[in-house]
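Data block below; observations after.
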2 protein chains.
Amino acid sequence: MDQLLSPKQVAEAIGTSESSLKRWCDLGLLKTVKTAGGHRRISVHEALRFVREQNHAVVEPHLLSMPATTDRRARRIEGSAERLTEALLADNQQACHAIVFDLFLAGESISRIFDEVVAPAFRSIGEKWECHEAEVYQERCSCQIMLRLLHDLRSKQVPPNPNLVALGATIEGDQYDLPVTMAEIVLRSVDCDARLLGTSIPFDSLVKAVQAHSPELVWLSVSFIADEAGFMEGFQRLSTAASKTRTAIVVGGRALTSEIRTRLSYSAFCDTMRHLEEFGKTLRRQPDSTPKKARNTRKNA
Amino acid sequence: MDQLLSPKQVAEAIGTSESSLKRWCDLGLLKTVKTAGGHRRISVHEALRFVREQNHAVVEPHLLSMPATTDRRARRIEGSAERLTEALLADNQQACHAIVFDLFLAGESISRIFDEVVAPAFRSIGEKWECHEAEVYQERCSCQIMLRLLHDLRSKQVPPNPNLVALGATIEGDQYDLPVTMAEIVLRSVDCDARLLGTSIPFDSLVKAVQAHSPELVWLSVSFIADEAGFMEGFQRLSTAASKTRTAIVVGGRALTSEIRTRLSYSAFCDTMRHLEEFGKTLRRQPDSTPKKARNTRKNA
DNA sequence: GCAGGTATGGACGATTTGATCGATTTAAGT
DNA sequence: ACTTAAATCGATCAAATCGTCCATACCTGC
């Protein structure tokens, strides 16, 4: 609790400028400790006392409640996954928000944040769940928090180029919406107008969506396959329709084993969000000469 | 998001003079926080609350981080459901946002917007789907648009009182997340700290969540029952756990036929969001003397 | 039409805020 | 211990805000 904060940190937490906060320190409204070099340091205790005394607003409570995460370490990928796991299981939405947005604002690519922070965090929660260290409702609640976070992230992105349309979905019976939503955001980060149709969409309806929109790309996140034969058959119908509209098909998801993949026909298989991002970039660069359909051209082993 | 605005910024946003706005602040119509130097600061949430309460115009919505508004004639419940249906099927997210947020800014209660605009729109889409006038992917896409809209709406609400905790969920096998999300927003609109755990949560895990959080309220949205016997049994376990923590149980959803309801034990059944809102209000007014468990006390026929 | 009460919004000097600057200090990485 | 990028310092200054006053516009009852 006697963690020391810089004037800038306190200023951000209470929603004012660094200049004003420094002036208030010099006026004696906030007691400060000085470093050997003359920099001001304010204890969390003192910052909270000031907030109470002045009835001042607190815009970013997590900065005062979790000062350990406000230093520069917070802006690094390393360790973020573990901190996110903890924040998710603690139902601490603000902390989750802070972790991801700090990385985003620090310039980390969306795909890297997803691959190296979000995905590991949910893998970790899944493992804890299997070991009975976490409850089902905690996992579901974590998904809710993350979904809200993803939505906020999406709303902060620059509006994409409307000339490059992509449609995304999960297949019928697959309700896992986080991966497919992350894929949407990754594609939008490379200036692709990605539109998530939703989860659990039958292949026949996907075919109609492709025919109606003629997108440059369709991405499918396959976390669960209820009926393998039906999946193969439906995918073939989608593939046929996509070739007519010169639409690339990108697939991903843990349900696509290599055995299944060898029997599918798609433009790219993406293990990670980074692969998807790179595929999206190639699509953007050469929208006409893009390989529209190639048998089993996996981008990565 | 809950950033602070100066009186001048708010005045510009709602199209009035700085002088008047300062006077209204001093009259207590707008809650303000003060800087150490005595300058007024107004949160976006408070500004929106004022606009809704006073039915004030908003000439610069972007200053309050709101979507652009249409003309004032659009601020009516009548006809909004039809316009929303059309906008949803046309995949026009901006139009959907405009319709709902215009009503929100005009001071319509959240529950009324949901009951008389959103719900009818989705009923209408469901009917079109049954008549083969709309595709499955259109319905799913509409749900995505609405889910994003609901998230945005939620972020515009004033942060609720943390002393009145409510947990919400759908039961295992029920993946329909719109009603349960709307319920969360309705409860938050009556100053209840409603937290949506997620969809498809087994009763045993719900029991653990209740034991961990001891909420004043649990709401269940039941759109689909896979196993009726299992549902009855699980609900009984939840009911027992809830009585121990003095937690009220509110249920709703089209899967709860009157035949099923007669065999359940809950605090309230809500046909509409308005019923839920009213129940939330009673809970807030008398948090101690609230009837925690009564057999089949339907709030409405 | 007119008197009286009320709400609005512009103007004023005094005060506060927040952005900027080059110089200095901190702290992460090696 | 050393290097180096980032953060902070102190100081300055334009812009914003404060509280107050007041002219004007609007409403209401007569």
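Numbers restart at 1 for each chain; the letters A, B, ... are given by sequence-line order, proteins then strands. Reckoned from all heavy atoms, side chains included, excluding hydrogens, waters and symmetry mates. From a predicted model like this one, the values you see are computed outputs, not experimental measurements.
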How is A:Arg23 classified with respect to the nucleic acid when contacts are heavy atoms under 4.0 Å: base, sugar-phosphate, or nothing?
base
Does OP1 or OP2 of D:dA7 have a side-chain N or O of A:Ser6 closer than 4.0 Å?
no
Whether the A:Ser19 and A:Ser17 side chains hold a donor-acceptor pair (N or O, under 3.5 Å, no angle test) is what I'd like checked.
no
Whole-Å gap separating C1' (C:dT16) and CG (A:Leu21)
14 Å
Ranking B:Ser17 and B:Thr35 by the position along DNA chain C of their nearest nucleotide, the one closer to 5' is B:Ser17
Rounded to the nearest Å, what distance is computed from the CD atom of residue A:Glu18 to the C1' atom of nucleotide D:dC9?
9 Å
For B:His39 and D:dT17, what is the distance between atoms NE2 and C1' respectively, to the nearest whole Å?
4 Å
Counting side-chain heavy atoms from CB outward, which of D:dC9, C:dA19, D:dT8 is closest to A:Ser19?
C:dA19
Heavy atoms under 4.0 Å, any strand shown: does B:Lys22 hit a base, just sugar-phosphate, or nothing?
base
Side chain to side chain, A:Leu178 and A:Leu147, heavy atoms closer than 4.5 Å
yes
Ignoring the backbone of B:Lys8, work out which of D:dT17, C:dT25, D:dC18 is nearest its side chain.
D:dT17
Give the rounded distance in Å between these two atoms: CD1 of A:Ile42 and C1' of D:dA7.
14 Å
Aromatic plane relationship, B:Trp24 with B:His56 - under 30° parallel, 30 to 60° tilted, over 60° perpendicular
perpendicular
Select from B:Gly15 and A:Arg41 the residue whose nearest nucleotide in DNA chain C is closer to the 5' end of that strand.
B:Gly15
Would you say the side-chain atoms of B:Glu46 pair up with the backbone N or O of B:Lys31, donor to acceptor, closer than 3.5 Å?
yes
Return the orientation label for the A:Phe101 and A:His97 ring planes: parallel under 30°, perpendicular over 60°, tilted otherwise.
parallel
Rounded interatomic separation in angstrom, taking CD from A:Gln9 and P from D:dA7:
10 Å
Whole angstrom is fine here: how far is it from CG in B:Leu5 over to P in D:dA16?
15 Å
Given D:dT8, D:dC18, C:dG18, identify the nucleotide with an atom nearest to the side chain of A:Ser20.
C:dG18
Look at the side chain of A:Trp24 and decide which nucleotide, out of D:dC9, D:dC18, C:dT17, has an atom nearest to it.
C:dT17
Distance, rounded to the nearest Å, where A:Arg40 contributes CZ and C:dT25 contributes P
14 Å
In whole angstroms, the gap separating C1' of D:dC18 from NZ of B:Lys34 amounts to 9 Å
